[in-house]
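Chain A is the first sequence line, chain B the second, and so forth, proteins listed ahead of strands; every chain is numbered from 1.
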Amino acid sequence: MADGYNPTEIERKWQQRWATDGTYEVDNDDPRPHWYTLCMYPYPSGAAHMGHVRNYTFGDLIVRYRTMNGYAVLSPMGFDSFGLPAENAAIKTGRHPREFTDERIEQLRSSILRIGAVYDWRRKVESHSPEYMKWTQWIFLKFLEAGLAYRSTAPVNWCSGCATVLANEQVTADGLCDRSGDVVEKRDLEQWFFAITNYAQQLLDDLDQLDWPERVKTMQRNWIGRSEGAQFSMPVCTADGELTGESIDVFTTRPDTSFGMTYAVMAPEHPLVDVIVTNDRRAEVEAFVQTARAASDVERLSAEGALEKRGVFTGAYVRNPFTEQPVPLYLADYVLITYGTGAIMAVPAEDQRDWDFAQAHNLPIVRTIAPPEDWEGEAYSGDGVHINSGWMDGMGKAEAIASAIAFLEEKEIGKGTVNYRLRDWLVSRQRFWGCPIPIVYCDDCGIVPVPVEQLPVTAPDDVEFRPTGESPLRLHEEFLHTTCPRCEKPALRETDTMDTFVDSSWYFLRFCDPWNDAEPFSQSAIDSWMPVDQYIGGVEHAILHLMYARFFTKALADLGVAPASMREPFTRLFTQGMIRLGGDKMSKSKGNLVAPEEILDVEGADALRLAHLFVGPPQDDVDWEGVGIEGCSRFLQRVWRLATGEAVAEQEDRAPNADDIEIEKKTHRLIDRVTTDYERWSYNTAVSTYMEFTNDLYKYIQKATPRAATLSFAIDTLLMVMAPMAPHITAELYERRTGKDVHRQAWPIADPEMLRLESVTMVVQVNGKVRDRIDVAAEISDADAEAVALASDKVQPFLTGAPKKIIVRAPQLVNIVV
RNA sequence: GCCCGGAUGGCGGAAUUGGCAGACGCAGGGGGCUUAAACCCCCCGGGACUUAGGUCCUUGUGGGUUCAAAUCCCACUCCGGGCACCA
């Protein structure tokens, strides 16, 4: 077949044409309505893997579909080009991370091109480019000025494998580094933080307005972890109730149970430990604090069960303001210094963990809520009538909580309050391949921002890459030593770099105005495109990146950098499933990658794209074993033979007969169904609709000589509705047939008149079981439908008596109940 | 432990509002084309019973609502994900 389907050839041709024609370049003042589609910009790890292919296939078909629908579509691409792998490679090979990174960007870029995904490459943004770094640093300084960036000493997460501190979000539930898997230790270090907790409530509230997967919103809500309760202070005293002058604050969600407080507990790291401990208990308490400090979170968790060893009595007491009685004050490692006030009141009767601790330490248990009659458990945390609770006796939970808070506020020792699980974002990294923090430390002036005109602060190239636990910048004398921008005396530069999530927290804004060298972006450019209409990426970013980007958006709007009305960056979010192979996660580390390149070489990009779309719903995980690349490739060849005339023996001009009209109606139904499927992200059914329609066309051309106009209309329409998913083959065939560019055609619209069916298959049931299927006119009346159903030969035998009831849903169904 | 999802043929999946379960594809079977094979084209594929026509069963399990349930409700089993000393 001299002119057979040769995907490699036509795909190269069209990819070149889209690039040279700038088909998908779009300006900010484009008069068409604007639409912003964005795929999460990738970390450049070399040639594209299947996850990329899947992601960019979804993104690209939206770009092409929206374009055919008359929109000016902003579709930019860039690279999240700072990060550890490049630096680790530098330590291993001595090559500069920039060289390594630039090379991988080129590999990734060229394999993205081979998928046929189109972007406005003029707008490319790379985290490590000096222009981008300049504005990342500028934003850091804006945050500093506004008090959103601050320096603080805190016990931080240290990963020895990565030789850097990590954000809370980068530590897994079992206390391991989510990148290297090493055990994360606690270290006290002075570090830079972003005050994301200032936005905790807004980040929580604004989730409601987003068209995001419920799963992702739930994950963010859990992560923010709002809990309502009360905070109050209790005076420290002796066993006899004699006050010592100190007091401790506690947070509780259950102030209503306060009468049942039989002891209190502080975190071992609590600053008052030294002050309140009694002399006879000091040695034991200090030993306990030492052990707790040395233990990692993993060890703390694994110590479960040995509650006797997990707490120690301080010798001190606190006065329960509800009962006025002294209760013993303990230290326990299960109380966290980082949450609430770092101290709790313990109510064993209504909290299982307090119950267990009370049992282990022989502390009293007093129920303040009567458990249900059939209660067989220990601590009871449900609702019920209060007992042993003074004036709260007889109240229910909600009423008692309100009453307890009123009591605390009246006595001016506490108040109703809200606590969040969310912590401030630690952004310092002791690494080289990241954006330097633009700060100078001066003995006289303190923390001094690098002046804007000196930005960007860039790292020198002549550094030594060694895994020392400190950034190579720290060891580079010329970089480290500078003069204070304020007093011009010798000073030291900050040598830490920013978490790479800082880079990815605003790149989508820079895409709107990537050439701006006076500001990170202009407000008008933001107005023109933001918020992103459709954001697409992996569900693994559900918390980290998406939370940080939302925080940046709100902060930048409040600082007047972005328009004040822009509260959320991503209106719609779509998270695609993971790629697996035989049940396992497909990943480099598992060594089970299926290389897209090999498929691109043989079956081609269109078949690969179609296979990804056809395999199942986009949000579901995909097992590559279930991907039918052969079926999709075969299907495209069928389309090719049909559209090139290879499969059609002859055609004729004639007035349309019944079969021709049927095909024309099917063509309109094709448009209708596919359009609905595009809008509801049901790409797998759209592909099956193409296949079904193609099968119908084969039957049509084989049954009799087809009518030329009917066949052309059918084929041209098929090519148009397939164009966003299989852009190369449709462009080639459409051009050959019509001389026009399919991607510049307006999306076809189904004629409602042609969607009307003349006859439909009516189902006749007896007692809900299908007994006959009868073709009836679409407009059949209920009475006629009933008559036809009752007259059916196949139905008659089941009508043993007079029908009790007949349900008619003409023209679909008649159900006869006997 | 808590909070979300999910379970449909040998496999991936479809069924948009409670109304024909299994679209479409893969794998399999049969036929055509071919000297032959591949490609391609056509047909058949949930299970049991039945000479046929057909009958019965079937959407993880058990119950319920309804003329009618993959779809709604209750209980349970299993799988996936998130959170988890959070006071």
> Going by heavy atoms closer than 4.0 Å, what residues in residues 772-784 of chain A are next to RNA chain B?
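Contacting residues: Arg773(A).
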> If the threshold is 4.0 Å, N to carboxylate O, is there a salt bridge linking Lys666(A) and Glu692(A)?
no
> To the nearest Å, how far apart are Asp620(A) CG and G6(B) P?
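Going from CG in Asp620(A) over to P in G6(B) covers 9 Å.
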> At 4.0 Å (heavy atoms only), tell me whether Asn695(A) reaches a base, stays on the sugar-phosphate, or touches nothing.
sugar-phosphate
> Does the ring centre of Phe614(A) sit less than 6.0 Å away from the ring centre of Tyr683(A)?
no
> In whole angstrom, give the distance that lies between atom CD1 of Ile701(A) and atom C1' of C42(B).
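After rounding, the reported distance stands at 13 Å.
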> Can you name the closest pair of heavy atoms from Ala686(A) and Asp677(A) and give their distance?
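Of all heavy-atom pairs spanning Ala686(A) and Asp677(A), the closest is N-OD2, 3.3 Å.
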> Looking for any heavy atom pair under 4.0 Å, which part of the strands does Arg221(A) touch: base, sugar-phosphate only, or nothing?
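Arg221(A): no heavy atom of the nucleic acid under 4.0 Å.
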> Does the pair Lys397(A)/Asp256(A) count as a salt bridge with the N-to-O cut at 4.0 Å?
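No, this pair does not count.
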> Send over the distance from Asp623(A) CG to G25(B) P, rounded to a whole Å.
21 Å
> Counting side-chain heavy atoms from CB outward, which of A87(B), U16(B), C40(B) is closest to Arg641(A)?
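Looking only at side-chain atoms, Arg641(A) lies closest to C40(B).
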> Mind checking if Arg215(A) touches a base, just sugar-phosphate, or nothing, with heavy atoms under 4.0 Å?
sugar-phosphate
> Would you kindly give the CG-to-P distance between Asn222(A) and G5(B), to the nearest whole Å?
13 Å
> Does the separation of the ring centres of Phe232(A) and Phe251(A) fall below 6.0 angstrom?
no
> Where the side chain of Val817(A) is defined as all heavy atoms beyond and including C-beta, which of A21(B), C67(B), C42(B) is the nearest nucleotide?
C67(B)
> If I take atom CD in residue Glu646(A) and atom C1' in nucleotide C40(B), what distance separates them, rounded to the nearest angstrom?
10 Å
> Each nucleotide N or O in nucleotides 51-57 of chain B that has a protein N or O under 3.5 Å away: list the pair and distance.
unit_1 : atom_1 : unit_2    : atom_2 : d
U55(B) : OP1    : Arg771(A) : NH1    : 3.3
C56(B) : OP1    : Arg771(A) : NH2    : 3.4
C56(B) : OP2    : Arg771(A) : NH1    : 3.2
C57(B) : OP2    : Lys769(A) : NZ     : 3.3

> Once you apply a heavy-atom cut-off of 4.0 Å, does Gln352(A) come out as touching a base, just sugar-phosphate, or nothing?
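The answer is nothing, as Gln352(A) stays clear of every strand by at least 4.0 Å.
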> Between N or O atoms, less than 3.5 Å apart, protein on one side and nucleotides 27-34 of chain B on the other: list the pairs.
unit_1 : atom_1 : unit_2    : atom_2 : d
A27(B) : OP2    : Arg634(A) : NH2    : 3.4

> Measure CG/Asn684(A) against P/G22(B) and give the value in whole Å, please.
18 Å
> When you check the gap from the basic side-chain N to the acidic O, do Glu646(A) and Arg638(A) get nearer than 4.0 Å?
no
> For Lys217(A), report the nucleic acid contact type (base, sugar-phosphate, nothing); a contact means any heavy atom under 4.0 Å.
nothing
> For the pair made of CE in Met219(A) and P in G80(B), what is the distance, rounded to whole Å?
17 Å
> Going by atom types alone, do Gln619(A) and Gln576(A) pair a side-chain donor with an acceptor below 3.5 Å?
no
> Grab the CZ-C1' distance between Arg809(A) and U66(B) for me, whole Å please.
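One finds 12 Å between C1' of U66(B) and CZ of Arg809(A), rounded.
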> May I ask which nucleotide in the shown strands pairs with C76(B), Watson-Crick or G-U wobble, both distances under 3.5 Å?
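Answer to the pairing question: G60(B), which forms a Watson-Crick or G-U pair with C76(B).
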> What is the ring orientation for Trp624(A) with His612(A), classed by angle as parallel under 30°, tilted 30 to 60°, or perpendicular over 60°?
tilted
